[in-house]
There are 2 protein chains.
Amino acid sequence: MPESRPRNIPEATVARLAVYLRVLAGLADDGRSHVSSGELATAAGVNPAGLRKDLSHLGPCGVRGVGYSVASLRDRLTETLGGARSRPCVLVGVGRLGSALADYSGFPGRGFEFVALLDTDPATVGSSVAGLTVAPVAELETVVAETRASIGVITTPAEVAQSVCDRLVAVGVRSILNFAPVALAVPAGVDVRKVDLSVELQVLAFLDQQRDSTPSAVEPNRVERVRPLPSTARAGVR
Amino acid sequence: MPESRPRNIPEATVARLAVYLRVLAGLADDGRSHVSSGELATAAGVNPAGLRKDLSHLGPCGVRGVGYSVASLRDRLTETLGGARSRPCVLVGVGRLGSALADYSGFPGRGFEFVALLDTDPATVGSSVAGLTVAPVAELETVVAETRASIGVITTPAEVAQSVCDRLVAVGVRSILNFAPVALAVPAGVDVRKVDLSVELQVLAFLDQQRDSTPSAVEPNRVERVRPLPSTARAGVR
DNA sequence: AGCCGCTTGTGAACGCCTGAACAAAGTCGA
DNA sequence: TCGACTTTGTTCAGGCGTTCACAAGCGGCT
């Protein structure tokens, strides 16, 4: 019985599960054997009730009156998130952002693993980044076919992002993480997640400006800790 | 009359406004004078109706039957998002990710501007990144006071992120963008946005795995183009 | 000058996610 | 062995965001 019943887990929940997994890894290193939902929630920066709801998506995995077993919950999350083996990822565009991301492959058990890095710059091609040798982007089709990569990461300039995306899709990549500031057009059946670092800063700047405009806003809200959202977190006066 | 009435714009809308602004800048460079909501929406990767709703938050700014004036809408978005002047940002942790971000300061009119880069590594301190000289992190308090920075960006290792955050908050920074994989604890009145690159990849890996587990899922959904969300976009079979 | 077509702006419904309160269950102590 | 406390798992209501669909308004053509 490989997968039990988690047929449809909300995307926001999946993102939080990954956070829980990281916290649990830290707790395991500290030698902890059990955790309560409250402690785990504060460490992850979420609401305890929400955490329990998230965990309920993969069936009962805690013991009432005691809490969650760190090791077993960690293993269960690892299995749910990453499956048995890590999925191979290809990264295109080994600039500063690209090489920083390549290092996130870090330790296994995360569900993904970089198997190839591609770039056009002759000065970068051939160099070693995160234990991999950078290959020329001209070999994209060959590399994807050999590694059977199903995930592509685009950290190229915006001008070439769409063409790189098209080539990735053409050779079978159906999951793409896009850091280029463009909206990629893809056929049905392809997942695209977009991360826009510039937009994140602009949003923060807007909130900062808005707060200055209203020194003491009408709502004296109080929040003790950060209240994370799918990918971003906010807390404080609005 | 500086600000008209946009007292409370949803955060998700603000993120999209930043995207629209970038698209408009490109259209202006191409010499376009007017755009329809449909064209702008496809370029930004959103729904036309949603785009109009987003724009409605800052009052009527289009002409019925014609569309939006590229230049005037761009100016209006610039004013709304960034205000009159760019807000000063301090970045702590000039690694690969940090230096990549520093370059995003790129051209002005984005609402933010890096005014200082800090790091602890003696090899990095003193070097020039994105036109700025990296200062030692020990001078954090002095630098923030001199530059009156109100936004802090944390691209340090996770171990020191909380202490850096505490120091930033102590000297008056009330908006923080956190790239370290930890949940920062901050007092009320401080905004924290978190970007977790590792989680993004894990979510993508999960979706990829889930799709493989269900070759032909129960729902034969069809989507022609990417359907973006606040910070991420997805499209395709689930 | 009047009509037609196009586009914006807005109102309402749908669905999702979040947050809180309640019941089930298991353990520890007596 | 029984009771009570602790903590999980679930259910319910509330809010937010997105989407669809229609009315209002403006330009261009005849």
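Every chain is numbered from 1, with letters handed out A, B, ... down the list of sequences.
Computed from coordinates, the Leu51(A) CG to dG9(D) P distance equals 10 Å when rounded to whole Å. In this structure, Arg16(A) atom CZ and dC16(C) atom C1' are separated by 12 Å, rounded to whole Å. Asp54(B) places its CG atom 13 Å from the P atom of dT10(C), with the value rounded to the nearest Å. Per the geometry, NE2 belonging to His34(B) stands 10 Å off P belonging to dG27(D), to the nearest Å. The distance between atom CD1 of Ile9(B) and atom C1' of dC16(D), rounded to the nearest whole Å, is 16 Å. The separation between Leu55(B) atom CG and dT18(D) atom C1' is 16 Å, rounded to whole Å. The separation between Glu11(B) atom CD and dT18(D) atom P is 12 Å, rounded to whole Å. We find that NE2 of His57(B) is positioned 13 Å from P of dG9(C), with the value rounded to whole Å.
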Practice problem: Walk me through it: do Arg211(B) and Ser175(A) pass the test side chain to side chain donor-acceptor pair (under 3.5 Å)? | Solution: CA-CA 10 Å; Arg211(B) 180 170 45 199; Ser175(A) 300; 2.7 Å; yes

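With dG9(D), dG17(D), dA20(C) as the choices, the nucleotide that has an atom nearest any side-chain atom of Ala49(A) turns out to be dA20(C). Of the candidate nucleotides dT10(C), dT10(D), dT27(C), dT10(D) has the atom lying nearest to any side-chain atom of Ser56(A). For Val63(B), taking side-chain heavy atoms from C-beta onward, the closest of the listed nucleotides dC20(D), dC26(D), dT10(D) is dC26(D). For Asn47(A), counting side-chain heavy atoms from C-beta on, the closest listed nucleotide (dG19(C), dG11(C), dG27(D)) is dG19(C). With dT8(D), dT8(C), dT18(D) as the candidates, the nucleotide lying closest to the side chain of Ala12(B) is dT18(D).
What you find for Arg76(A) and Gly59(A) is that their closest heavy atoms are NH2-CA, 4.3 Å.
Using a 4.0 Å cut-off, some side-chain N or O of Ser37(B) falls inside it from OP1 or OP2 of dT8(C). Between dA21(D) and Arg52(B), no contact under 4.0 Å exists linking OP1 or OP2 to a side-chain N or O. Remark: Tyr68(A) is not in phosphate contact with dT6(D), judged by side-chain N or O atoms under 4.0 Å from OP1 or OP2.
The main-chain N or O of Gly93(B) is found under 3.5 Å from a side-chain atom of Thr155(B) such that the two form a donor-acceptor pair. Between the side chain of Ser36(A) and the backbone N or O of Tyr68(A) there is no donor-acceptor pair closer than 3.5 Å.
Checked by distance alone, Arg64(B) brings a side-chain donor or acceptor within 3.5 Å of a matching partner on the base of dT8(C).
Among Thr42(B), Thr13(B), Leu40(B), the one residue that satisfies the side chain to side chain contact (heavy atoms under 4.5 Å, CB included) test with Leu51(B) is Leu40(B).
The residue Gly67(A) sits close only to the backbone: its heavy atoms come under 4.0 Å of sugar-phosphate atoms, none of a base.
Take the nearest nucleotide of DNA chain D for Lys53(A) and for Gly65(A): the residue whose nucleotide is more 5' is Gly65(A).
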